[in-house]
Amino acid sequence: MHETTAAARRILDELPGRRLTRDEAMTLADQASLHDLCAAAMADRLRRHGRSAYYVFNQHINFTNECVNACRFCAFGKRPGSPDAVTHTVAEIRAMVHAKRDQTVRETHIVGGLNPKLPFSYYVELLQAVAEERPEAGIKAFTAVEVAHLADVEGRSEADILTALMQAGLLMLPGGGAEVFSPALRAKLCPEKISGERWLSVHETAHGLGMNTNATMLFGHIETFADRIDHLDALRTLQDKTGGFLCFIPLPYQPGNNALSARGPGGADYLRTMAISRLYLDNIPNLKAYWVMAGIKAAQMALWAGADDFDGTLIEERVGHAAGADTPKGLTAAQLRQAIVMAGFTPVERDARFAPVAGA
Ligand code: V47
């Protein structure tokens, strides 16, 4: 595979300026060459972002790995009572942020697991402490899965929970927990997790409250390309309604230390998926090449397949590395800039909401 067929060529020739249908996206997935897909996605990303490739000074923080959901692909979460389960106090999290005070950080990315012992007040105090320690960084924290869990435990609406979290300092929701929306696949991959519909509904609520969010798709395991396009279609439909998504992140499945026996996508599949995502999601401004899970070299190539964001310094990533990601746990800004320049793009520092940092 793949020489571009006449049918796929016709679709590519009609781009840009026309929205891909689901069937057309499937035709491209099955019948367009990698080269032609990347050329079309590159033309699209050049129109949106020119040669800029964004990166951010960020710090990843994981407050707990204890989780009542046992997602089959996840090597990070530990069952309650497991000897490997760790939950940090708010004071410990504050100290983690404080310990990096000498480094620039413009985005604090906080995620954990569903630990039923943590009361809602913990989440509020956590945000308040991080906002106090690092007021200049936007806080991107707690996935839709955690928001739904807190709403259920507290017997409050998701809007109520989100409003209280925003008042405590929450700027954005990260894109995690989306996995693939197909109910049949979720039943196999993550049966305890909220449905795709509920994930979308939490994001719709957040957008309605004026909060931006990101979206992910976990791919390269047991799903088909049709499942991926259904997932993209659900995101595009919601984005038409709300306009609240800032960034889409295709996450290549990492096969280590987890209960799923699947291999993970190869490099060509990663690039095809990025390119089709860029072409399909005409209403989402940014696409992230998440170097942690893609690998630095594939992430560099993804900048030629429609991606414009290289994510960040991270300091210490744990979710991908628990599942065997063989990348460093963090990169310096100089390393990120060098990777972007060596890929043929112009590094542009951004903040948590994707605004370029003036004077950077
Ligand atoms: O939701 C879990 C995924 C996600 C594996 O919003 C795995 O900017 C691959 O969402 N292989 C968390 N992926 C990470 C995430 C994220 C990362 C970077 C930036 C942003 C953003 C969001 O990691 C989980 C799950 O989908 N995940 N296990 C695995 N074995």
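Computed from a predicted structure; not experimentally measured. One-based numbering, in listed order, for ligands and for the atoms of each. Quick note: numbers below take in every heavy atom, side chains included, and nothing from hydrogens, waters or symmetry partners.
- Checked by distance only, ligand 1 and His60 stay at 3.5 Å or farther apart across all their nitrogen or oxygen atoms.
- Regarding atom 30 (N) of ligand 1, its nearest protein heavy-atom neighbour is Phe73 O, 2.8 Å.
- Against a heavy-atom cut-off of under 4.0 Å, Met293 is close to the following atoms of ligand 1: 9 (C), 13 (N), 23 (O).
- A heavy-atom distance below 4.5 Å is found between the side chains of Tyr253 and Asn258.
- The protein heavy atom nearest to atom 11 (N) of ligand 1 is Gln254 N, 2.8 Å.
- The shortest side-chain heavy-atom distance between Leu251 and Met217 does not fall under the 4.5 Å cut-off.
- Ligand 1 has an N or O atom lying under 3.5 Å from an N or O atom of Glu179, backbone or side chain.
- The distance from ligand 1 to the heavy atoms of Pro174 drops below 4.0 Å at these ligand atoms: 6 (O).
- Against a heavy-atom cut-off of under 4.0 Å, Gly176 is close to the following atoms of ligand 1: 1 (O), 10 (O).
- Put simply, the side chain of Phe245 reaches to within 4.5 Å of the side chain of His207, judged on heavy atoms.
- For atom 6 (O) of ligand 1, the nearest protein heavy atom (residue, atom name, distance) is Gly175 N, 2.8 Å.
- Within the 4.5 Å cutoff, the side chain of Asp240 has heavy atoms near those of the Arg19 side chain.
- Ligand 1 lies less than 4.0 angstrom from a heavy atom belonging to Lys140.
- For ligand 1, the atoms closer than 4.0 angstrom to any heavy atom of Gly177 are 1 (O).
- Under 4.0 angstrom from ligand 1, the non-hydrogen atoms of Tyr290 all belong to its side chain.
- The closest approach between a heavy atom of Pro252 and any atom of ligand 1 is below 4.0 Å.
- For ligand 1 and Asn214, the ligand atoms under 4.0 Å from any heavy atom of the residue are 6 (O), 8 (O), 21 (C).
- The closest side-chain donor-acceptor pair between Glu24 and Thr27, if any, does not fall under 3.5 angstrom.
- Of the candidates Leu246, Leu251, Thr216, the one placing a heavy atom closest to atom 14 (C) of ligand 1 is Leu251.
- Atoms of ligand 1 lying under 4.0 Å from at least one heavy atom of Ile249, given by number and element, are 6 (O), 8 (O), 20 (C), 21 (C).
- No more than 12 heavy atoms of other residues, nucleotides or ligands lie within 6.0 Å of CZ in Arg353, so this atom counts as exposed by the packing criterion.
- For the residue pair Asn69 and Glu192, no side-chain donor N or O sits within less than 3.5 Å of a side-chain acceptor on the partner.
- When only non-hydrogen protein atoms are considered, atom 27 (N) of ligand 1 lies nearest to Val319 CG1, 4.0 Å.
- Neither Leu314 nor Val130 shares a network with the other; the hydrophobic side chains, linked directly or stepwise wherever heavy atoms of I, L, V, M, F, W or Y lie under 4.5 Å apart, form separate groups for each.
- Nearest protein neighbour of atom 13 (N) of ligand 1, counting heavy atoms only, is Leu218 CD1, 3.2 Å.
- Side-chain contact between Thr205 and Val147: absent, with no pair of heavy atoms (C-beta onward) separated by less than 4.5 Å.
- Between the side chains of Thr163 and Asp160, no donor N or O sits under 3.5 Å from an acceptor N or O.
- Regarding atom 20 (C) of ligand 1, its nearest protein heavy-atom neighbour is His109 CE1, 3.5 Å.
- Enclosure of atom CD in Glu136 by more than 12 non-hydrogen atoms of other residues, nucleotides or ligands within 6.0 angstrom is indicated.
- At most 12 heavy atoms of other shown residues, nucleotides or ligands fall within 6.0 angstrom of atom CZ in Arg263.
- Close approach of ligand 1 to Lys288 (heavy-atom distance below 4.0 Å) involves ligand atoms 8 (O), 19 (C), 21 (C).
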